[in-house]
K.L.:
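For reference, the structure I am asking about is given below.
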Amino acid sequence: MTRQRLFILSLAASAATFLQAGSAPEKGRISADHYQQTVKYLASDGLKGRGTGTPQLKKAAAYIAGQFKALGIPPAAASGYYQTFDVTTNAKLGKGNELSFINGSGKKQAVALGQDFNPFNFSGNAKVTAPVVFAGYGITAPEYDYDDYAGLDVKGKIVLVLRHEPQEFDEKSKFAGKVYTSHEQKQTKAVNAKFHGAKAVLFVNDMSNHPVDSDTVDKFSNHVGPNSPDIPFVQVKTELASQWLHASGKNLKDWIEAVDKTMKPSSFEIPGLNVDLQVNVLREVRQVPNVVAYLKGETDEYVILGAHFDHLGMGEQSSMAPDLAGKAIHHGADDNASGSAGLMELADYFAAQPKRKRGILFLAFSAEELGLIGSSYYVNHPILPLEKAVAMINMDMIGRIKDGKVFVGGTGTGSTLLASLDSVKAAHPKLKLDLSDQGGYGSSDHFSFTIKQVPVLFFFSGLHSDYHKPSDTWEKIDHQSAADLVNLVAEVTIKLQDAPQRPAYVKVSAPAPQATASASASGGASPWFGSVPDMGETKGGFKLSDVTKGSPADLAGLKGGDLIVEFDGRAISSLMDFTYALRSKKPGDVVPLKYRRDGKEVETKATLKSRTQMR
């Protein structure tokens with residue numbers, strides 16, 4: 001029995017109890033009360049925040065599939081309602097995470113895991129034995145005329161680097177004053193070390209700048225995505241690092257103070273210090289489902305109605321309430337039980353309607369919170385031909401409508417979408433639609449369809465103080481206003497189903513990129529490439545889902561689906577690598593790059609632009 005078959009049987013077992021979660025849907029009407037029941041169930045303590053890869057997400061999927069089945073809406077695929085795919089959902093420490101060192105005395109000393117050192121969850125796995133080089137803050141910042149690696153040979157060695165960046169408390173610091181720049185990020189330091197040839201990174205707190213902090217290593221966080229710098233990246237206690245430097249007549253406090261005064265780094269190899277390091281981070285890959293149902297029309301064209309049903313589980317790294325991350329259920333009532341409940345009400349309504357010219361594909365996505373992975377997987381593995389989709393309507397966070405205001409994005413992506421909205425909005429005087437033609441781009445599942453040239457509409461009631469917090473609970477949902485909005489969505493859907501002509505796709509430019517704080521502080525501008533990353537699981541390079549028209553990427557001949565494997569002579573294995581490589585350049589630079597398309601490697605050059613030139 002295949003792994004996928006076992007997964008589907010597990011979901012089917014969960015589906016047997018779906019009717020116990022709430023009353024059966026009533027065909028032919030959109031009910032505010034039933035909408036509220038659905039939100040209440042999906043955001044209940046029992047579903048524990050519907051984290052991707054959890055048993056509770058399976059229960060939510062079974063509930064949604066059970067609703068479709070009860071309404072008589074068939075699955076879109078012959079195999080059933082579930083379209084399953086693999087996602088990296090978790091990370092944990094495996095066996096054999098060890099660190100020991102030999103100093104000038106020749107004595108080998110072991111270091112305690114979790115107490116004196118700890119890997120970060122994005123660390124690469126390897127066993128390394130090498131001398132140690134102190135590389136200051138681990139920063140290479142040509143825009144600030146600062147480089148901790150200048151004149152330093154770290155190839156094949158382990159680098160010891162400090163947290164943060166120079167002059168972090170100085171308003172006049174060229175490192176954006178008191179505002180941290182991208183060079184402060186741990187991932188940036190990791191990729192910079194790799195690009196300089198280091199085999200591993202030891203990360204240490206700059207305790208002399210933060211004397212009130214305790215000298216402890218960060219706890220290993222178990223929530224993680226697929227990106228890794230491919231080399232071990234671990235934290236060691238400041239006490240241990242100070243011991244190493246003391247043996248060479250140096251100390252961290254004096255070094256930090258000297259660099260803050262002069263802004264001239266003075267990195268050095270630590271004489272006689274060799275470290276044995278082994279890191280083993282286990283990344284869990286689990287199968288998760290999209291739920292897909294299909295009401296046929298008179299033709300093979302169809303409208304897509306979609307919403308994501310996953311949330312954050314216990315919060316972990318994505319929580320906006322750091323003190324409660326990993327400790328409290330993040331219920332996700334508005335994000336996005338509200339949109340999922342809207343999808344269920346639309347299923348109730350359309351199940352009782354007569355067959356129309358075009359059908360409806362109901363898509364409930366998972367893994368949206370990890371980066372639109374479910375919708376990205378669907379558009380790359382569509383069950384129905386995407387060219388037959390006349391439009392995609394996405395509902396994400398529609399349950400907290402304030403003063404009747406609803407944001408509607410994507411109106412410019414289809415030639416008739418605005419007219420369809422205009423024809424129905426008068427019947428809903430309590431709703432005030434704030435329209436945007438550029439909403440085809442953004443951080444929700446409609447984006448995956450935009451880049452496949454499917455016209456989209458995105459309904460959204462706005463952010464609020466409970467976003468990504470445990471306090472996003474069901475009783476705060478305005479179910480009456482949400483039901484009114486779902487009625488409007490139903491009417492727009494009917495217009496799209498019955499229209500003599502389908503809307504023609506219109507490519508609307510992405511919002512103009514903004515200058516970064518660090519660029520403004522340095523008096524310069526950040527380089528811009530114009531690539532749109534594919535948010536699915538990608539290995540062996542940086543995969544594009546699209547490029548912005550007129551951008552350096554576009555003019556260099558790149559397009560969606562290409563895999564960048566080399567940029568400016570540097571091997572690229574992930575989005576993390578590409579981001580760092582791009583940041584190291586400046587507008588006007590002509591950069592050679594290599595990419596793979598249809599199994600062939602292609603070489604080209606791109607002339608980078610300022611992030612403000614496309615405004």
Side-chain angles (χ1 to χ4, degrees), residues 25 27-31 34-35 38 42 61 64-65 67-68 71-77 81 83 290-297 301-309 336-353 355-366 368 374-375 378-379 382-384 386 388-399 406 408-411 413-414 417 420-421 424 439-440 444-450 452 454-460 482-499 502-503:
K27 287 186 180 182
R29 63 186 293 262
I30 292 169
S31 164
H34 187 259
Y35 175 94
T38 302
L42 291 175
I64 292 168
Q67 293 264 351
F68 288 141
L71 290 164
I73 304 176
Y81 288 106
Q83 181 192 47
N290 291 327
V291 187
V292 194
Y294 182 46
L295 275 177
K296 289 184 178 180
E301 292 184 334
Y302 59 95
V303 179
I304 300 171
L305 297 177
H308 77 89
F309 65 96
N336 185 36
S338 67
S340 299
L343 187 66
M344 294 298 95
E345 292 308 305
L346 290 168
D348 295 356
Y349 177 79
F350 283 107
Q353 299 302 309
K355 184 179 287 189
R356 298 184 180 276
K357 178 179 178 180
R358 299 181 179 95
I360 298 178
L361 183 69
F362 297 92
L363 270 171
F365 303 107
S366 62
E368 189 270 355
S375 56
Y378 182 84
V379 298
I383 295 172
L384 300 180
L386 275 183
K388 298 296 183 179
V390 302
M392 188 273 179
I393 298 177
N394 181 34
M395 296 169 290
D396 194 349
M397 297 180 65
I398 62 169
V406 177
V408 186
T411 59
T413 62
L417 296 183
S420 297
L421 279 168
V424 303
S444 191
D445 291 305
H446 58 284
F447 174 68
S448 298
F449 292 84
T450 302
K452 295 296 184 179
V454 177
V456 300
L457 286 173
F458 172 42
F459 291 88
F460 171 59
D484 191 8
L485 176 59
V486 174
N487 271 294
L488 181 146
V489 172
E491 292 169 22
V492 173
T493 303
I494 291 172
K495 293 288 183 181
L496 293 168
Q497 284 184 290
D498 293 343
R502 61 185 287 174

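Hydrogens, waters and symmetry mates play no part in the numbers below; they use all other heavy atoms, side chains included. The shown structure was predicted, so the numbers you read here are calculated from the model rather than taken from an experiment.
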K.L.:
When you measure from the side chain of Ser366 to the backbone N and O of His308, does any donor-acceptor pair fall under 3.5 Å?
P.N.:
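Between the backbone of His308 and the side chain of Ser366 there is no qualifying donor-acceptor contact (under 3.5 Å).
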
K.L.:
Just how far is it from atom CG of Leu42 to atom CD1 of Ile64, taken to the nearest 0.5 Å?
P.N.:
6.0 Å

K.L.:
Would you mind telling me which of Leu457, Val454, Asn394 makes a side chain to side chain contact (heavy atoms under 4.5 Å, CB included) with His446?
P.N.:
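That would be Asn394.
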
K.L.:
Ring centres of Phe362 and Phe68 under 6.0 Å apart?
P.N.:
yes

K.L.:
Could you state the interatomic distance from OH (Tyr349) to CG (Leu305), rounded to the nearest 0.5 Å?
P.N.:
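Separation between the atoms: 12.0 Å.
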
K.L.:
Is it true that atom NZ of Lys357 has more than 12 heavy atoms of other residues, nucleotides or ligands lying nearer than 6.0 Å?
P.N.:
yes

K.L.:
Rounded to the nearest 0.5 Å, how far apart are OG of Ser444 and CZ of Phe460?
P.N.:
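Here the interatomic distance stands at 9.0 Å.
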
K.L.:
Please report the interatomic distance OG(Ser340) to CE(Met395), rounded to the nearest 0.5 Å.
P.N.:
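Going from OG on Ser340 over to CE on Met395, the span is 8.0 Å.
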
K.L.:
What distance separates Phe459 CZ from Leu485 CG, expressed to the nearest 0.5 Å?
P.N.:
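If I round to the nearest 0.5 Å, the distance is 6.5 Å.
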
K.L.:
With no hydrogens and no angle check, is any side-chain donor or acceptor of Arg358 less than 3.5 Å from a backbone partner on Lys388?
P.N.:
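Not at all, since once roles are kept as given, no pair shorter than 3.5 Å links the two residues.
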
K.L.:
Can you find a heavy atom in the side chain of Leu343 that is under 4.5 Å from one in the side chain of Phe365?
P.N.:
no

K.L.:
Quick check: do Tyr35 and Ser31 have side-chain heavy atoms less than 4.5 Å from each other?
P.N.:
no

K.L.:
After noting the C-alpha distance and the side-chain angles of Leu496 and Ile393, does the key distance pass the side chain to side chain contact (heavy atoms under 4.5 Å, CB included) rule?
P.N.:
CA-CA 11 Å; Leu496 293 168; Ile393 298 177; 4.1 Å; yes

K.L.:
To the nearest 0.5 Å, what is the distance between CG on Asn336 and CG on Asp445?
P.N.:
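Here the interatomic distance stands at 8.5 Å.
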
K.L.:
Check whether any side-chain N or O of Tyr378 sits under 3.5 Å from a backbone N or O of Phe449 as a donor-acceptor pair, and report yes or no.
P.N.:
no

K.L.:
Side-chain contact, heavy-atom cut-off 4.5 Å: Phe350 with Ile494?
P.N.:
yes

